[in-house]
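Computed over heavy atoms, backbone and side chain alike; hydrogens, waters and symmetry mates excluded.
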Amino acid sequence: GAPAATGTQAQPPGPGAFDLGAQSGRWAAFQERHRLSCEEAARLLLDAYEYRGLVKHTGGCHCGAVRFEVWASADLHVFNCNCSICTKKQNRHFIVPASRFKLMKGADNLTTYTFNTHRAQHTFCKTCGVQSFYTPRSNPDGYGIAPHCLDDGTVQTIVTEDINGKEWEKAVKEHKTIRDMSKP
């Protein structure tokens, strides 16, 4: 007959598992000390690398029904557009990729206004009427965030750039970086 197996063979890590080598004890102690699940610890590590150089800003509407978090620079590049709606509501905003924005609460308290091409989604709180973020026509795959709706303490500087939204197509075509601002 065949010889009997002696000992156990090391099994390769399963899907999603990885060998931490000499760091495994340190990793386990870190998770336990901070009471983190494996998923929470992985999210911390991923955030540290994917959002390197960025800070987590939090914000929302006036009444607090809508709350969000957004990863962006502490030094914000804010657009001041002179199109009809941005002028009426004094919409100044900075643009981020959708992957860096998370609505924490209030999805059911948002309503949307659209006009003209209906590409921009002007979302605002049904209770207090504040637009703390929206989906801009220039970057439908990202978000325009109102810096004045961020909580205090995470913004260092704001540089404002005027955009001629009255001639939107021309302004966006001539702008060198605006369309890339929603790319991760």
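Residues satisfying the side-chain hydrogen bond (donor to acceptor under 3.5 Å, both in side chains) criterion with T157, sequence neighbours excluded, are D75. Applying the side-chain contact (heavy atoms from CB on, under 4.5 Å) criterion to T127, with sequence neighbours excluded, gives C63, N109, C125. For W168, the ring pair (Phe, Tyr, Trp, His ring centres under 6.0 Å) test picks out no residue, with sequence neighbours left out. Residues that satisfy the side-chain hydrogen bond (donor to acceptor under 3.5 Å, both in side chains) test with K176, not counting sequence neighbours, are absent from this structure. The side-chain hydrogen bond (donor to acceptor under 3.5 Å, both in side chains) search around R33 returns none, not counting sequence neighbours. Every residue two or more places apart in sequence or in another chain that forms a side-chain contact (heavy atoms from CB on, under 4.5 Å) with P147 is listed here: L76, V78, F94, I158. With sequence neighbours left out, Q121 forms a side-chain contact (heavy atoms from CB on, under 4.5 Å) with T112, T114, T135. Applying the ring pair (Phe, Tyr, Trp, His ring centres under 6.0 Å) criterion to H175, with sequence neighbours excluded, gives F79. A41 meets the side-chain contact (heavy atoms from CB on, under 4.5 Å) test with W27, Q31, L36; sequence neighbours excluded. With sequence neighbours left out, D141 forms a salt bridge (Lys or Arg N to Asp or Glu O under 4.0 Å) with K183.
A salt bridge links E169 to R137: one of the charged nitrogens lies within less than 4.0 Å of a carboxylate oxygen. We find that E69 and K102 are not joined by a salt bridge, their nearest charged nitrogen and carboxylate oxygen being 4.0 Å or further apart.
Linking Ile, Leu, Val, Met, Phe, Trp and Tyr residues whenever their side-chain heavy atoms come within less than 4.5 Å places L110 and I145 in a single cluster. There is a path of hydrophobic side-chain contacts, each under 4.5 Å, that joins I95 to V172.
Within the model, atoms SG of C83 and NZ of K166 stand 10.0 Å from one another, a figure rounded to the nearest 0.5 Å. Note that CD of Q90 and CZ of R92 are 4.5 Å apart. Values are rounded to the nearest 0.5 Å. In this structure, the separation between CG on N82 and CG on N80 is 8.0 Å, given to the nearest 0.5 Å. The line from NZ of K126 to SG of C61 is 12.5 Å long, rounded to the nearest 0.5 Å. The line from CD1 of I178 to OG of S138 is 4.0 Å long, rounded to the nearest 0.5 Å.
When the shell of 6.0 Å around NE2 of H62 is examined, it contains 12 or fewer heavy atoms from other residues, nucleotides or ligands. No more than 12 heavy-atom neighbours from other residues, nucleotides or ligands sit within 6.0 angstrom of CD on E39.
When every heavy atom of A146 is checked against every heavy atom of Q131, the shortest pair comes out as CB-O, 3.9 Å.
The list of ring-ring contact (aromatic ring centres under 6.0 Å, His included) pairs with a residue in residues 123-147, not counting sequence neighbours, reads F68-F133, H93-Y134, F101-F133, F101-Y143, H122-Y134, F133-Y143.
Taking the six-membered ring where the residue is Trp, Y113 and F115 present parallel rings, their angle staying beneath 30° rather than reaching 60°.
Under a 3.5 Å cut-off, the side chain of S24 and the backbone N or O of G21 do form a donor-acceptor pair. In terms of modelled atom types and a separation under 3.5 Å, the side chain of N139 and the main chain of P97 share no donor-acceptor contact.
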Can you check side-chain contact (heavy atoms from CB on, under 4.5 Å) on V66 and T123, steps first, answer last? CA-CA 11 Å; V66 175; T123 51; over 6 Å; no
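Using a 4.5 Å heavy-atom threshold, the side chains of R35 and E40 count as separate.
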Taking distance alone, no hydrogens or angles, what donor-acceptor pairs closer than 3.5 Å link side-chain atoms of residues 149-156 to residues at least two apart or in another chain?
unit_1, atom_1, unit_2, atom_2, d
D151, OD1, R67, NH1, 3.3
D151, OD2, T58, OG1, 2.5
D151, OD2, R67, NH2, 2.6
T154, OG1, H57, ND1, 2.6

